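Here the structure is a predicted model, which means the values were calculated and not measured.
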Amino acid sequence: FRVACLWGSSPKKWDPMGSLCPRMAVAVMALQHLEIASAQDCTMMAPEHGNLGDCPQTLSSGSTCLPACLPGYEVTGRASCSSGALGVPSCTPSACNVTEAAALLQHVASLGNCPELLESGDFCELECLSRFLPSGNISCELGNLSDFACLTEPCLPGFQADPTRPEECELCPLGSYKQDEGSGPCERCPENSKTNATGRTSSQDCQCPVVFYERRNGLGELLSCLPCPNNSAVIGSGQPSGQRQDCQCLEGFMPVLSDDDSLLHCRPAEPCDVSDLLRNLTGSEEFKLKTGTCDPYAKTSMLPSGKQCSLLCDAGLGAQLGSDIFRAIDLTLACDDGKLVRSPPQGNVWCSQASWDVPPLVFLGLTTLATILGAAAIEVRQTSFERQYAKALRGR
C-alpha cells in the first residue's frame with residue numbers, strides 16, 4: 001500500500017508504508033482490514049419456527065449451513081452467505097402423507113377426495129367400504145393426521161354385529177333383544193325367561209315359562225321371573241298381576257292357602273269312592289245299568305278328582321227312576337276333590353223300554369199339536385187381513 005502523509009499544509013511524496021508516517025499507516029491498514037472482513041462474513045439468524053441447527057453464529061462468505069426446524073416444520077433449503085449477504089431458508093408446516101396412512105387403516109376403499117400429500121391446515125374425506133361409514137373428515141396439522149376410522153354402519157334394532165363378520169348384522173338370537181341402533185351386542189332376557197322369536201327389540205318380548213310368574217314395570221318390560229309354588233303354573237291368557245295369585249294349581253291338584261289367601265302350594269286332589277254306585281246297580285240283569293265309560297274305574301272304585309264318566313243303558317232302553325218314565329235321569333258321575341258333584345239320583349234307577357219309547361212319542365205329539373195350532377193362528381190372521389182389505393176397498 002501507498003499512503004500520502006501530510007506535513008503541515010503541503011503534501012509530501014508517496015513513500016512505501018511505514019517509511020514516512022508509520023503510525024498513520026498502521027491505523028489506516030487496520031481500518032481497511034475491518035471493512036474488508038465486515039463485507040465478507042454474515043451474522044447467522046435462525047429462521048422462524050426453527051433454530052441455527054449446524055450453522056455457526058458467523059457464517060463466512062461463500063459458505064452454507066443447514067438450520068433446523070421445530071417439529072411439524074420442514075426447512076426449505078440451506079442458509080448461505082455471499083459477500084455479507086445472508087440467505088436464510090424458511091420453516092414451512094409439514095404436509096401429511098395420506099396414502100401411507102390409508103394403507104394402515106381398516107375398511108378404507110380409496111383416498112376419496114384426498115390428495116396423496118395433504119397440506120397442513122387442509123382436510124378431506126376418505127372413502128370406506130360398503131356397510132362402513134367414515135367417522136368424519138381427516139385433517140392435517142403440522143404433519144400429523146387427525147384420527148379417522150371407517151365405522152360399521154349401525155345395526156337396526158333387533159340386530160347385532162356378526163362376531164365373525166363385523167361388517168354384517170345378524171338377528172338377536174332367542175332369549176335376547178336390542179332396543180337401539182348400533183353394532184353393540186344384544187341384551188339377554190332376565191333369568192329364566194326367553195323370547196318366542198329372534199330379532200326382538202324390547203324386554204317386553206321376554207316371557208317367563210308357565211311355572212314362573214312375571215314381574216314387569218309400568219312399560220311392560222320384564223324385570224324378573226319368580227317361581228310358582230309346587231304343582232302350579234300361570235294358566236290362561238288373562239292380564240297378569242305380577243303376583244303369586246297368577247299361579248293356579250294344575251289339574252288334579254288343589255290349592256293350600258295362607259291366612260291372607262295367597263297360594264302356598266298345591267296338594268294332590270282326593271279321588272271319589274264310587275264303589276257303592278258301581279257295585280250296587282239296581283234292576284234285573286236285562287234292565288240293569290251298565291258301567292259304560294266308568295268301567296276303567298270299576299276295579300279301583302276310585303274316580304280321580306276332575307274326571308267324570310257315565311253309566312249306560314243297553315240300546316233301545318232308557319234310564320228310569322222307579323215308575324217315572326218321563327223324568328230325565330242324569331247318569332254322569334263327576335268328582336271334585338273327594339266329592340261327587342254329579343251322580344244319578346238315589347233310588348231304583350234301572351233301564352226300561354218305556355222310558356226309551358214314550359218320551360219321544362210325547363215330544364212328537366206336542367210338536368205336532370204346536371204345529372197345528374200355529375197353522376190355525378196364521379189362517380185366522382190371514383182371514384182377518386182379507387176382510388179388512390175388502391172393507392177398505394168398499395169405502396173408496
Side-chain angles (χ1 to χ4, degrees), residues 104-109 126-136 138 146-258 260-268:
L104 301 176
L105 295 173
Q106 292 183 328
H107 313 303
V108 172
L126 296 172
E127 181 182 2
C128 297
L129 295 174
S130 175
R131 277 224 71 251
F132 289 89
L133 299 175
S135 60
I138 188 170
S146 60
D147 292 336
F148 178 87
C150 287
L151 305 176
T152 305
E153 187 175 2
C155 294
L156 296 175
F159 290 81
Q160 66 178 0
D162 189 328
T164 59
R165 294 178 299 171
E167 69 278 6
E168 299 293 335
C169 294
E170 64 176 7
L171 289 167
C172 289
L174 288 174
S176 65
Y177 64 94
K178 186 158 151 291
Q179 187 170 354
D180 301 319
E181 287 188 354
S183 56
C186 300
E187 297 185 52
R188 298 294 303 175
C189 285
E191 186 178 3
N192 297 318
S193 69
K194 62 180 181 180
T195 57
N196 58 7
T198 58
R200 300 294 88 185
T201 60
S202 171
S203 60
Q204 296 176 351
D205 300 314
C206 299
Q207 301 175 351
C208 299
V210 294
V211 293
F212 291 84
Y213 63 95
E214 300 177 345
R215 287 278 177 86
R216 294 182 179 270
N217 61 17
L219 299 177
E221 298 170 334
L222 183 65
L223 302 178
S224 61
C225 297
L226 301 177
C228 285
N230 290 340
N231 304 315
S232 69
V234 178
I235 302 172
S237 57
Q239 183 67 28
S241 65
Q243 304 294 328
R244 185 179 284 193
Q245 66 191 32
D246 294 333
C247 302
Q248 302 177 28
C249 292
L250 300 174
E251 183 179 359
F253 294 88
M254 300 301 294
V256 177
L257 305 179
S258 64
D260 60 355
D261 292 334
S262 62
L263 183 64
L264 294 178
H265 63 274
C266 298
R267 61 171 177 79

Any heavy-atom pair between the side chains of [Y] and [X] that's under 4.5 Å?
X: Cys206; Y: Tyr177; result: yes
X: Phe253; Y: Ser232; result: no
X: Leu264; Y: Leu257; result: no
X: Ser135; Y: Phe148; result: yes
X: Cys128; Y: Leu133; result: no

ask   = Is a side-chain donor or acceptor of Asp162 paired with a backbone partner of Glu170 at a separation under 3.5 angstrom?
value = no
query = Between Phe159 and Cys169, which heavy-atom pair has the shortest distance, and what is it?
reply = CB-CB, 4.2 Å
request  = Over all heavy atoms of both residues, which pair between Phe132 and Cys150 is shortest? Give the atoms and the distance, please.
outcome  =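 Scanning both residues, the minimum pair turns out to be CD2-O, 3.6 Å.
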Test of understanding: with side-chain contact (heavy atoms from CB on, under 4.5 Å), list the residues that count as partners of [X], not counting sequence neighbours.
X: Asp260; result: Ser258, Ser262
X: Pro209; result: Val211, Phe212
X: Arg188; result: Ser176

Using distance only, find each side-chain donor-acceptor pair of residues 243-251 under 3.5 Å and give its atom names and separation, not counting sequence neighbours.
{"residue": "Arg244", "atom": "NH1", "partner": "Leu263", "partner atom": "O", "Å": "3.2"}
{"residue": "Gln245", "atom": "NE2", "partner": "Ser241", "partner atom": "OG", "Å": "3.4"}
{"residue": "Asp246", "atom": "OD1", "partner": "Ser241", "partner atom": "N", "Å": "3.1"}
{"residue": "Asp246", "atom": "OD1", "partner": "Ser241", "partner atom": "OG", "Å": "2.9"}
{"residue": "Asp246", "atom": "OD2", "partner": "Ser241", "partner atom": "N", "Å": "3.0"}
{"residue": "Asp246", "atom": "OD2", "partner": "Ser241", "partner atom": "OG", "Å": "3.4"}
{"residue": "Asp246", "atom": "OD2", "partner": "Gly242", "partner atom": "N", "Å": "2.9"}
{"residue": "Asp246", "atom": "OD2", "partner": "Gln243", "partner atom": "N", "Å": "3.4"}

List the atom pairs, with distances to 0.1 Å, where a side-chain N or O of residues 189-203 and a protein N or O form a donor-acceptor pair under 3.5 Å, not counting sequence neighbours.
{"residue": "Ser193", "atom": "OG", "partner": "Pro190", "partner atom": "O", "Å": "2.5"}
{"residue": "Thr195", "atom": "OG1", "partner": "Gly175", "partner atom": "N", "Å": "2.9"}
{"residue": "Thr195", "atom": "OG1", "partner": "Ala197", "partner atom": "O", "Å": "3.0"}
{"residue": "Ser202", "atom": "OG", "partner": "Gln204", "partner atom": "N", "Å": "3.0"}

request  = Not counting sequence neighbours, which residues clear side chain to side chain donor-acceptor pair (under 3.5 Å) with Gln179? List them please.
outcome  =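 With sequence neighbours excluded, Gln179 shows a side chain to side chain donor-acceptor pair (under 3.5 Å) to no residue whatsoever.
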ask   = So Gln160 and Cys155, side chain to side chain contact (heavy atoms under 4.5 Å, CB included) or not? Walk me through it.
value = CA-CA 6 Å; Gln160 66 178 0; Cys155 294; 5.7 Å; no
query = Which pairs with one or both residues in residues 210-228 pass side-chain hydrogen bond (donor to acceptor under 3.5 Å, both in side chains), sequence neighbours excluded?
reply = Glu214-Arg216, Asn217-Glu221
task = For Leu105 and Leu126, run side chain to side chain contact (heavy atoms under 4.5 Å, CB included): C-alpha distance rounded to whole Å, both residues' side-chain angles, the deciding distance at 0.1 Å, then the answer.
result = CA-CA 10 Å; Leu105 295 173; Leu126 296 172; 3.9 Å; yes
request  = Only pairs at least two apart or in different chains count here, so list each salt bridge (Lys or Arg N to Asp or Glu O under 4.0 Å) that has a residue in residues 173-184.
outcome  =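 Qualifying pairs: none.
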